[in-house]
Visitor: 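Okay, handing you the structure first.
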Number of protein chains: 2
Amino acid sequence: MKFSRGTDYALHAMAYLASQQEKGGKIPVQELADKLAVSSTYLSKILARLVKMKYIIATSGAKGGYSLPAGWEDISVYNVIVAIDGEPTLFEDSFNHGDECKIQRLMMEVETDMIEALKNRRIVELI
Amino acid sequence: MKFSRGTDYALHAMAYLASQQEKGGKIPVQELADKLAVSSTYLSKILARLVKMKYIIATSGAKGGYSLPAGWEDISVYNVIVAIDGEPTLFEDSFNHGDECKIQRLMMEVETDMIEALKNRRIVELI
DNA sequence: TAATTATAGATATTATGAGTCTATAATAAC
DNA sequence: GTTATTATAGACTCATAATATCTATAATTA
């Protein structure tokens with residue numbers, strides 16, 4: 001019952017990029033990896049998912065690195081979580097119980113509220 | 001990012017016991033296991049945790065089985081989850097970041113709200 | 001004493017998270 | 001154009017936890 005460490009890395013990376021945003025520079029993965037005390041190849045894998053979702057921009061080559069796209073202020077914590085872990089689900093709905101199951105319904109309500117809360121929180125808050 | 005299947009079994013077992021409560025009888029694990037389509041020995045292991053927390057009562061011997069204790073109407077969904085999975089934590093706080101970490105703080109807020117919601121929901125609602 | 005029920009321990013299986021290593025592609029500096 | 005720098009992608013390993021199963025034991029009633 002917790003989000004993956006990958007999500008944690010991703011959120012910290014996003015927060016760091018956001019905090020460096022004024023300078024307009026690109027941040028190489030090695031710098032991010034040093035900050036987070038994680039291997040750069042592994043962090044690359046995680047960041048690749050954010051690139052795929054266009055939450056960050058990757059630039060190859062010398063003086064390259066990662067940066068934030070226009071409109072990054074709208075990216076939510078939920079966006080990042082889904083990019084890394086996929087849609088969060090408190091219960092496995094492929095089990096026994098369909099819509100008529102009160103347990104399933106109750107958990108869905110709690111889950112929906114949690115998701116709503118995460119959608120309302122944005123990366124820009126983390127600077 | 002989901003609760004264990006064990007929690008699911010436990011909630012369904014509790015709901016079933018509650019629904020049979022009027023009859024005052026004890027329900028053997030085999031009957032519960034049949035309902036949930038799970039092996040009785042495995043379900044026993046899960047129910048043992050509820051017994052330890054006094055959320056259900058186990059009676060050995062012929063005509064024995066599981067039943068609910070006095071005051072069972074106050075047992076929350078959260079109680080059951082903690083009994084099976086332990087305290088839920090959205091993030092591993094043993095990582096890098098202490099109280100000053102904004103990500104940690106944000107996730108703690110979301111987590112606290114979720115826990116509060118689960119504490120406000122009781123087994124009695126599931127009948 | 002025998003039947004019925006729960007409990008506990010050892011073990012197996014499987015899935016997933018977490019991470020490494022290596023090769024490849026893209027781009028800028030020279 | 002060559003080289004250095006950067007990101008990307010795939011195969012693979014390792015550890016851990018969930019999800020059970022099986023067997024033996026303890027408790028209680030008929």
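To find a chain, count down the sequence lines: A is the first, B the second, and so on, and within it residues start at 1. A quick note: this is a predicted structure, and the numbers were derived from the prediction, not measured.
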Visitor: Okay, side chain of B:Lys102, backbone of A:Ile127: is any donor-acceptor separation there less than 3.5 Å?
Guide: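 Yes; at least one donor-acceptor contact below 3.5 Å.
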Visitor: Output the rounded distance in Å from CD1 (B:Ile46) to C1' (D:dT19).
Guide: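 In whole Å, D:dT19 C1' lies 9 Å from B:Ile46 CD1.
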Visitor: State which of D:dT29, C:dT20, C:dA6 makes the closest approach to the side chain of B:Val29.
Guide: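 Of D:dT29, C:dT20, C:dA6, C:dA6 is nearest to the side chain of B:Val29.
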Visitor: I need the NZ-P distance between B:Lys45 and C:dT7, as an integer number of Å.
Guide: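 Result: 11 Å.
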Visitor: Go through the side-chain N and O atoms of B:Asp34 and B:Gln30 and say whether any donor and acceptor fall under 3.5 Å apart.
Guide: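 Judged by distance alone, the side chains do pair up.
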Visitor: Which residue lies toward the 5' end of DNA chain D, A:Gly64 or A:Ala48, if each is placed at its nearest nucleotide?
Guide: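 The residue whose closest nucleotide sits nearer the 5' end is A:Gly64.
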Visitor: Starting from C1' on D:dG10, measure out to CZ on A:Arg49 and report it in whole angstrom.
Guide: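 These atoms are roughly 14 Å apart.
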Visitor: Below the 4.0 Å mark, does D:dT8 have OP1 or OP2 next to a side-chain nitrogen or oxygen of A:Tyr66?
Guide: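 Checking A:Tyr66 against D:dT8: at least one side-chain N or O falls below 4.0 Å of OP1 or OP2.
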Visitor: Given that A:Gly6 and B:Lys52 both sit by DNA chain C, which one's nearest nucleotide is further toward the 5' end?
Guide: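 By nearest-heavy-atom nucleotide position, the 5'-most residue is B:Lys52.
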Visitor: Considering only side-chain heavy atoms of B:Tyr42, which listed nucleotide, C:dT5, D:dA20, C:dG19, is closest?
Guide: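 That would be D:dA20.
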Visitor: For B:Arg5, is there any backbone N or O sitting under 3.5 Å from a side-chain donor or acceptor partner on B:Asp8?
Guide: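 No, the answer is negative, given that no donor and acceptor are paired below the 3.5 Å cut-off.
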Visitor: What is the distance from CG of B:Leu47 to P of C:dT7, rounded to the nearest Å?
Guide: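 Rounded to whole Å, this separation is 8 Å.
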Visitor: Less than 3.5 Å between a donor and an acceptor, one on the side chain of A:Lys2 and one on the base of C:dG17, is that the case here?
Guide: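 Counting by modelled atom types and ignoring angles, no donor-acceptor contact under 3.5 Å is found here.
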Visitor: Within the side chain of B:Asp85, is there an N or O that forms a donor-acceptor pair under 3.5 Å with the backbone of B:Ser4?
Guide: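 It does hold such a pair.
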Visitor: Looking at every strand, decide which applies to A:Ser4 at a 4.0 Å heavy-atom threshold: base, sugar-phosphate, or nothing.
Guide: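 Result for A:Ser4 = sugar-phosphate.
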Visitor: Looking only at the side chain of A:Ser60 (C-beta and beyond, no hydrogens), which of the listed nucleotides D:dT21, C:dT20, C:dA26 gets closest?
Guide: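 Closest nucleotide among those given: C:dA26.
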Visitor: For A:Val51, answer base if it contacts any base atom (sugar-phosphate contacts may also be present), sugar-phosphate if it contacts only those atoms, and nothing otherwise; contact means non-hydrogen atoms under 4.0 Å.
Guide: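 Here A:Val51 touches the backbone only, sparing every base.
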Visitor: Could you give the CD1-to-P distance, from A:Ile84 to C:dT16, as a whole number of Å?
Guide: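 After rounding, the reported distance stands at 18 Å.
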Visitor: Could you check how far CZ of B:Arg5 sits from P of D:dA18, rounded to whole Å?
Guide: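 In whole Å, D:dA18 P and B:Arg5 CZ are 13 Å from each other.
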Visitor: At less than 4.0 Å, is any side-chain N or O atom of B:Tyr9 found next to OP1 or OP2 of D:dA20? Yes or no.
Guide: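 Looking at the OP1 and OP2 atoms of D:dA20, one of them is under 4.0 Å from a side-chain N or O of B:Tyr9.
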Visitor: With respect to the phosphate group of D:dT21, does any side-chain polar atom (N or O) of B:Ser39 fall under 4.0 Å of OP1 or OP2?
Guide: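 It does, given that an N or O in the side chain of B:Ser39 lies less than 4.0 Å from OP1 or OP2 of D:dT21.
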Visitor: Between B:Thr59 and A:Gly61, which has a closest nucleotide on DNA chain C that is more 5'?
Guide: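 The 5'-side residue here is B:Thr59.
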Visitor: Can you tell me the distance, in whole Å, between the CG atom of B:Leu43 and the C1' atom of C:dT5?
Guide: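 Distance check: B:Leu43 CG to C:dT5 C1' gives 14 Å.
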Visitor: For atom CZ of B:Arg49, is the number of surrounding heavy atoms from other residues, nucleotides or ligands below 6.0 Å larger than 12?
Guide: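 For B:Arg49, atom CZ is not crowded (no more than 12 foreign heavy atoms under 6.0 Å).
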Visitor: Provide, to the nearest angstrom, the distance between the CG atom belonging to A:Leu50 and the C1' atom belonging to D:dT8.
Guide: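 So the CG-C1' distance, A:Leu50 to D:dT8, works out to 14 Å.
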